[in-house]
**Q** 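Can you keep this structure in mind? I'll have questions shortly.
The shown structure was predicted, so the numbers you read here are calculated from the model rather than taken from an experiment.
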Amino acid sequence: MILITDSNILISALIKPKSVIASIFKDKSNIQFTAPDYIFEELSEHWLKIVACSDLTEKELKEELKYYKERIKLSYVKDIPTAILLKAHALVDDIDENDTFFIALHLHTGHRIWSGDEKLKKGLTEKGYGHFFIPMEEIIERTYKKKIK
């Protein structure tokens, strides 16, 4: 399974490195993570806030981030056709246009989005696009099911 990882998921994993979200990233299951190349740019915009809120020192955070950079395969926005980018923007412009690239990546690849952005999920669900997202419960089930077998 390939999941498009929203910035808020990565930020959550950095802030709480012992959380369920972080453990899913660190699990060596068959889940692969991808994100638009924009994700690390967005992360750098919030870096000081992440450092202030995290259970880790800045040095430890940089090590964690290095791990996530290796774990998340970047998809380049420049490779997404303009028509898809425009459709994605039209879907989210009244919700949060900063999510355009994540939605565009979904439209381009069909992979579901792992996001904690309730405003985005609610807004797109109301428009009939709730299927873009994977529920956390499903990720947990898939991650831990293999360990029980």
**Q** Do any pairs count as a salt bridge (charged side-chain N to carboxylate O under 4.0 Å, His left out) and have a residue in residues 31-42, sequence neighbours left out, and if so which ones?
**A** none

**Q** Quick one, L91 and F132 - any side-chain contact, counting heavy atoms below 4.5 Å?
**A** yes

**Q** Determine whether T109 and T34 make a side-chain contact, defined as any pair of heavy atoms from C-beta on separated by less than 4.5 Å.
**A** no

**Q** Would R112 and I4 satisfy side chain to side chain contact (heavy atoms under 4.5 Å, CB included), going step by step from the backbone distance to the final call?
**A** CA-CA 6 Å; R112 291 197 289 171; I4 298 168; over 6 Å; no

**Q** Which pair of non-hydrogen atoms, one from H111 and one from H106, has the smallest distance, and what is that distance?
**A** O-ND1, 2.7 Å

**Q** Minimum heavy-atom separation for S12 and S19, please, with both atom names.
**A** O-OG, 4.4 Å

**Q** Using every non-hydrogen atom in the two residues, find where C53 and I15 come nearest and quote the distance to one decimal.
**A** O-CG2, 3.5 Å

**Q** Do V20 and L3 sit in one hydrophobic cluster, given that two such residues count as connected whenever their side-chain heavy atoms are within less than 4.5 Å of each other, even indirectly?
**A** yes

**Q** How are the rings of Y38 and F102 set relative to one another: parallel (under 30°), tilted (30 to 60°) or perpendicular (over 60°)?
**A** perpendicular

**Q** Could you check D99, D6, T5 and say which one makes a side-chain hydrogen bond (donor to acceptor under 3.5 Å, both in side chains) with S115?
**A** D6

**Q** Please evaluate residues E138 and R142 with respect to the criterion salt bridge (Lys or Arg N to Asp or Glu O under 4.0 Å), reporting the C-alpha separation (whole Å), side-chain torsions for both, the decisive distance (0.1 Å), and the verdict.
**A** CA-CA 6 Å; E138 186 177 335; R142 288 182 182 224; 3.1 Å; yes

**Q** Answer yes or no for K127 and Y129: cation-pi contact, defined as NZ/CZ to six-membered ring centre under 6.0 Å and angle to ring axis within 45°.
**A** no

**Q** Determine, step by step, whether E64 and K69 satisfy the salt bridge (Lys or Arg N to Asp or Glu O under 4.0 Å) criterion, reporting the C-alpha distance in whole Å, the side-chain angles of both residues, the deciding distance to 0.1 Å, and the verdict.
**A** CA-CA 9 Å; E64 284 286 302; K69 283 184 173 182; over 6 Å; no

**Q** Please state whether the rings of F25 and F33 are parallel, tilted or perpendicular, taking 30° and 60° as the class boundaries.
**A** tilted

**Q** Flag yes if I140 and L10 sit in one hydrophobic cluster, no otherwise; membership is Ile, Leu, Val, Met, Phe, Trp, Tyr, and two members link when side-chain heavy atoms are under 4.5 Å apart.
**A** yes

**Q** For the residue pair W47 and L65, establish whether any side-chain heavy-atom pair is separated by less than 4.5 Å.
**A** yes

**Q** Checking L43 against L14 for the side chain to side chain contact (heavy atoms under 4.5 Å, CB included) test, could you report, in this order, the C-alpha distance in whole Å, the side-chain angles of both residues, the deciding distance, and whether it holds?
**A** CA-CA 10 Å; L43 187 79; L14 287 166; 3.8 Å; yes

**Q** Before giving the answer on salt bridge (Lys or Arg N to Asp or Glu O under 4.0 Å), spell out for E126 and K122 the whole-Å C-alpha distance, their side-chain angles and the decisive distance to 0.1 Å.
**A** CA-CA 6 Å; E126 288 173 356; K122 182 178 186 257; 3.1 Å; yes

**Q** Quick one: are M136 and I24 in side-chain contact, heavy atoms under 4.5 Å?
**A** yes

**Q** Check the pair D55, K16 against salt bridge (Lys or Arg N to Asp or Glu O under 4.0 Å), reporting the backbone distance first and the verdict last.
**A** CA-CA 6 Å; D55 296 340; K16 297 285 184 193; 3.7 Å; yes

**Q** Is the NZ atom of K73 crowded by more than 12 outside heavy atoms at less than 6.0 Å?
**A** no

**Q** Could you check if a side-chain atom of I113 sits within less than 4.5 angstrom of a side-chain atom of I134, using non-hydrogen atoms only?
**A** no

**Q** Let me confirm one number: the CD-OG distance from E60 to S54, rounded to the nearest 0.5 Å.
**A** 8.0 Å

**Q** How far apart are the closest heavy atoms of P17 and A22, and which atoms are they?
**A** O-CB, 3.3 Å

**Q** Report the C-alpha distance between W114 and I21 in whole Å, list the side-chain angles of each, state the deciding distance to 0.1 Å, and finish with yes or no for side chain to side chain contact (heavy atoms under 4.5 Å, CB included).
**A** CA-CA 10 Å; W114 183 20; I21 290 173; 3.9 Å; yes

**Q** Which atom names give the shortest non-hydrogen contact between P36 and L74, and what distance separates them?
**A** O-CD2, 4.1 Å

**Q** Establish whether I72 and Y67 are linked, either directly or via other cluster members, by ILVMFWY side-chain heavy-atom contacts under 4.5 Å.
**A** yes

**Q** Within this structure, what is the CG-CD1 distance for the pair L85 and I80, rounded to the nearest 0.5 Å?
**A** 5.5 Å

**Q** Between L124 and L120, is any pair of side-chain heavy atoms under 4.5 Å apart?
**A** yes

**Q** What closest approach, in Å, do H89 and T100 show between heavy atoms, and which atom pair accounts for it?
**A** CD2-OG1, 3.5 Å

